[in-house]
Each structure stands twice: as structure tokens, then as C-alpha cells.
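Contents: one structure, followed by commentary.
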Amino acid sequence: RASLFLLEPIPHEHILYAIKEASVILNSSLSEGMSNAILEAMACGTPAVVRDIAGNRSLISHMENGLLFRTPVDFQKCILKLLPSEQESDNALQLNHRLTTVALKYIDAHHSIKTETNSYTKNPTLLQMLSYFQRKNTTFTNKTLKFYKRLQCLCSVVRHQYFLLVR
């Protein structure tokens with residue numbers, strides 16, 4: 001039997017572990033751009049149940065790579081599809097597997113580190129910053145190297161307003 005927990009803020013270094021251990025990630029934002037938390041859940045193989053708003057629809061297609069809800073009744077139906085009674089557990093496992101498989105393929109195709117790196121390195125402002133670092137530092141210090149790598153790779157920040165449904 002699953003329980004709903006509202007978690008206290010989680011230290012950043014433990015976020016991905018918490019997402020991987022969660023049964024479901026819920027995004028109930030009323031307004032959202034492209035949510036890093038949803039992308040992280042998809043990348044971790046955790047199904048996402050998200051409010052049906054423009055930013056979330058840009059990432060989630062209902063019943064393909066996650067579940068969308070508009071009303072509290074929709075939300076309840078989504079949760080019950082993923083966390084059903086014992087009699088329906090096979091259907092839930094199949095749905096969970098299908099959603100997470102498609103989500104991982106989406107991440108790989110649209111938000112892989114290679115894809116994100118390529119998009120960042122095409123950014124003129126970024127190229128100017130990288131050029132500046134290369135001119136100022138013939139060798140990178142550890143601190144500068146970390147920043148440089150951050151400029152080249154997708155770095156995500158998870159805000160703690162998300163609920164996690166944990167086993």
C-alpha cells in the first residue's frame with residue numbers, strides 16, 4: 001500500500017536518489033515553463049503525474065510518457081492508474097513500464113547531455129563566456145573548470161515544492 005508524504009526540503013545531492021525511489025513524481029504547478037523536475041523524473045525512470053498546463057504539455061503527452069490532470073478527480077484517476085489495488089497491479093506495472101520507457105526515449109532524443117551541450121554551445125553569449133575563460137586562464141583552476149563544465153552541460157535545479165509519492 002502506497003502512502004503520500006510531503007517531504008521536507010531535500011539536500012541537492014540527494015534529490016536524484018529521492019526521485020528514483022519515488023513511485024510517482026507530481027507537479028501540481030498552476031503555471032510552469034519547462035520543468036526540470038519533470039525532466040529529471042523522466043530521466044530517472046519515475047512516472048510523472050502533472051497538471052495539464054502549457055509548460056507541462058511541452059514535455060508530457062498523456063498516457064504516452066506521463067499522465068496529465070486538470071481536476072482533482074482527474075488527479076485521483078491518474079494516481080489510481082499507477083498505484084492501484086492489488087487486483088489491478090499488473091495493469092499498473094505495464095502502464096508504468098510503458099510510460100517510463102517512452103519518457104526515457106524522449107529524454108534521450110530531446111534532452112540528452114549531448115543534445116543539451118550542443119544547444120548551449122550554439123548560444124553566442126555562452127561562446128563569449130567560454131572564450132573569455134579561455135583567454136584569461138591558460139589552465140583552469142578547479143573552480144573555473146567546474147563553472148566551465150556547467151556551461152557545457154545541462155545543470156538542473158530542483159525546487160522543493162514538488163510532492164513525491166514514495167513506496
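For reference, positions follow the sequence shown, starting with 1.
Using a 4.5 Å heavy-atom cutoff, the side chains of H111 and L59 are in contact. A heavy-atom distance below 4.5 Å is not found between the side chains of K81 and N91. Side chains of L39 and I107 form a contact here, defined as non-hydrogen atoms less than 4.5 Å apart.
The shortest heavy-atom contact between A43 and L104 is O-CD2, 3.3 Å. Taking each heavy atom of A41 and I25 in turn, the nearest pair found is CB-CG1, 3.5 Å. Of all heavy-atom pairs spanning I10 and H14, the tightest one is CG2-CB, 3.6 Å. Between L83 and S23, the shortest heavy-atom distance links the atoms CD2-CB, 3.8 Å.
With S58 contributing its side chain and G55 its backbone, the two residues share a donor-acceptor pair below 3.5 Å. Listed for the N96 side chain is no donor-acceptor partner under 3.5 Å among the backbone atoms of L82.
Residue pairs meeting the ring-ring contact (aromatic ring centres under 6.0 Å, His included) criterion with at least one member in residues 22-58: none, sequence neighbours excluded. Among pairs with a residue in residues 36-73, those fulfilling ring-ring contact (aromatic ring centres under 6.0 Å, His included) read F69-F75, at least two apart in sequence or across chains.
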Does the pair V50 and E32 meet the rule for a side-chain contact (heavy atoms from CB on, under 4.5 Å), with working shown?
CA-CA 11 Å; V50 303; E32 183 85 51; over 6 Å; no
Apply the test side-chain contact (heavy atoms from CB on, under 4.5 Å) to residues T46 and E40: give CA-CA distance (whole Å), side-chain angles for both, the deciding distance (0.1 Å), then the verdict.
CA-CA 9 Å; T46 302; E40 289 170 340; over 6 Å; no
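Interatomic distance, C44 SG to E21 CD, rounded to the nearest 0.5 Å: 10.5 Å. With rounding to the nearest 0.5 angstrom, the CG atom of N27 is 11.0 Å from the CG atom of N36. Between atom CZ of residue R51 and atom CD1 of residue I60 there is a gap of 15.0 Å, rounded to the nearest 0.5 Å. Note that CG of N65 is 10.5 Å distant from OG1 of T100, once rounded to the nearest 0.5 Å. With values rounded to the nearest 0.5 angstrom, D52 atom CG is found 10.5 Å from T71 atom OG1. The structure places CD1 of I19 at 11.0 Å from CD1 of I38, a figure rounded to the nearest 0.5 Å.
One hydrophobic cluster, built from ILVMFWY side chains closer than 4.5 Å, holds both M34 and M42. Hydrophobic clustering (ILVMFWY, side-chain heavy atoms < 4.5 Å, transitive): L95 and I79 are in one cluster.
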